[in-house]
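Some notes on the structure that comes next.
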Amino acid sequence: MDLGLKDRVAIVTGSARGIGAETARFLAAEGMAVVITDLDGEACAATARDIEARGGRAIGVACDVRREEPVRQMVAAGHEAFGRIDVLVNNAGLVKDRTLLKMDESDWDLVMDVTLKGAFHCARAVLPHMHARGWGRIVNISSRALFGNPGQSNYSTAKAGIIGFTRALSLEQARKGVTVNAIAPGFIETEYIKSLPNFDTILENVKAKNQVPFAGQPGDIAGAVAFMASEHARYITGTTLFVTGGRYG
Ligand SMILES: NC(=O)c1ccc[n+]([C@@H]2O[C@H](COP(=O)([O-])OP(=O)(O)OC[C@H]3O[C@@H](n4cnc5c(N)ncnc54)[C@H](O)[C@@H]3O)[C@@H](O)[C@H]2O)c1
């Protein structure tokens, strides 16, 4: 299936590793030029080199999505390198898990700022480029945790918040050629998660709770993002696609 993404340009935040890196590789394999952006510049460059080694086009740009000016500079660097910005994937995220009474204000603020303020800054920086061509796709990465997980009041709140952001922005952008959707992953077996000491226990728990009796892989999210970014999704906006193996609570 031709996704119609060839020669378009995507920015994927938090893409030095994990789901973001796999999404960037997937989009590059579809013929897109990709901006790899994350906190660590050398890690961004390494992922970009990996994509180039597979015949794709990519640049790495270090950027903390919590801060407006670096985000503007990162988007400008992508535009300078590739001449357009068509797709933004707001993927940067992190957990700072604690039950509420043990949670520091800084743990709350960090998770909110990366997830929500990061999406705010990145969307504001890319939208003028999308409006200039009358076409754009914003895909926000939420989580099944939006339904609530113990120890994750900050993360669950942020991942539910990004759905509200998706809905509101989709209404603002629908007549400007820009769709805005969210993907809510369930448990995804990234390299980092596989390195956790209690990985086997986590995996057994996931297999027991999922309807589909296995864990998701980063490519499962990358494929869903690519679909939402494609021409085939032109009539879809403001929605959330759950890629969770059938688990909703
Ligand atoms: N892995 C899962 O099971 C799972 C499930 C549901 C949702 N998600 C979401 O998917 C996304 C990717 O998760 P992952 O598992 O690949 O995690 P990951 O930790 O491997 O990747 C997240 C990336 O975001 C980057 N990041 C963090 N703070 C940043 C900042 N301020 N500015 C720029 N980049 C920043 C990190 O450096 C990291 O490279 C996250 O939004 C996460 O919440 C993951």
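Order of listing sets the numbers, starting from 1, for every ligand and every atom in it.
Ionic pairing of Glu69 and Arg72 is not present here: no N-O contact between side-chain nitrogen and carboxylate oxygen is shorter than 4.0 angstrom. Under 4.0 Å is where a charged nitrogen must lie from a carboxylate oxygen, and between Asp50 and Arg25 at least one such pair does. Using a cut-off of 4.0 Å between Lys/Arg side-chain N and Asp/Glu carboxylate O, Glu42 and Arg49 are scored as salt-bridged. Classification of Glu231 and Arg8 as a salt-bridged pair holds, one side-chain N sitting under 4.0 Å from a carboxylate O.
Here the heavy atom of the protein found nearest to atom 22 (C) of ligand 1 is Gly93 O, 3.6 Å. Ranking the protein heavy atoms by distance from atom 3 (O) of ligand 1 puts Ile188 N, 2.8 Å first. Among all non-hydrogen protein atoms, the one lying nearest atom 23 (C) of ligand 1 is Gly14 O, 3.5 Å. In terms of protein heavy atoms, atom 32 (N) of ligand 1 is closest to Val65 N, 3.1 Å. With hydrogens left out, the protein atom closest to atom 37 (O) of ligand 1 is Asp38 OD1, 2.6 Å, a heavy atom. Nearest protein heavy-atom neighbour of atom 8 (N) of ligand 1: Tyr155 OH, 3.6 Å. Protein heavy atom in closest approach to atom 16 (O) of ligand 1: Ile19 N, 2.8 Å. Taking atom 30 (C) of ligand 1 as the reference point, the nearest protein heavy-atom neighbour is Leu39 CD2, 3.5 Å.
Counting the atoms of ligand 1 from 1 in the order shown, those under 4.0 Å from a heavy atom of Ser143 are 6 (C), 7 (C). Residue Cys63 has at least one heavy-atom neighbour below 4.0 Å for each of these atoms of ligand 1: 32 (N), 33 (C). The contact set between ligand 1 and Asp64, taken as ligand atoms under 4.0 Å from a residue heavy atom, comprises 30 (C), 31 (N), 32 (N).
Remark: among candidates Ile141, Leu110, Val95, Val12, the nearest residue to atom 10 (O) of ligand 1 is Ile141, based on non-hydrogen atoms. Checking Thr13, Val114, Thr190, Asn91 against atom 11 (C) of ligand 1, the nearest heavy atom belongs to Asn91.
In this structure, Tyr248 has its ring center no closer than 6.0 Å to that of Phe147.
Within the 4.0 Å heavy-atom cutoff, Ser142 counts among the residues contacting ligand 1. Using a 4.0 Å cutoff on heavy atoms, Tyr192 does not count as a contact of ligand 1. Note on ligand 1: Gly186 sits in its first shell, one or more heavy atoms being nearer than 4.0 Å. The shortest heavy-atom distance from Lys159 to ligand 1 is under 4.0 Å. Ligand 1 has no atom lying under 4.0 Å from any heavy atom of Ala43.
Taking all atoms of both residues into account, the shortest heavy-atom contact from Gly238 to Asn181 is N-OD1, 3.1 Å.
Counting non-hydrogen atoms of neighbouring residues, nucleotides and ligands closer than 6.0 angstrom, the CZ atom of Arg98 reaches no more than 12 such neighbours.
Side chain of Ser142 to main chain of Ala182: no donor-acceptor pair is present (N/O by atom type, distance under 3.5 Å, no hydrogens or angles).
The salt bridge (charged side-chain N to carboxylate O under 4.0 Å, His left out) contacts involving residues 234-249 comprise nothing, where partners must be two or more places apart or lie in separate chains.
Asn149 and Ser156 share no side-chain donor-acceptor pair at under 3.5 Å.
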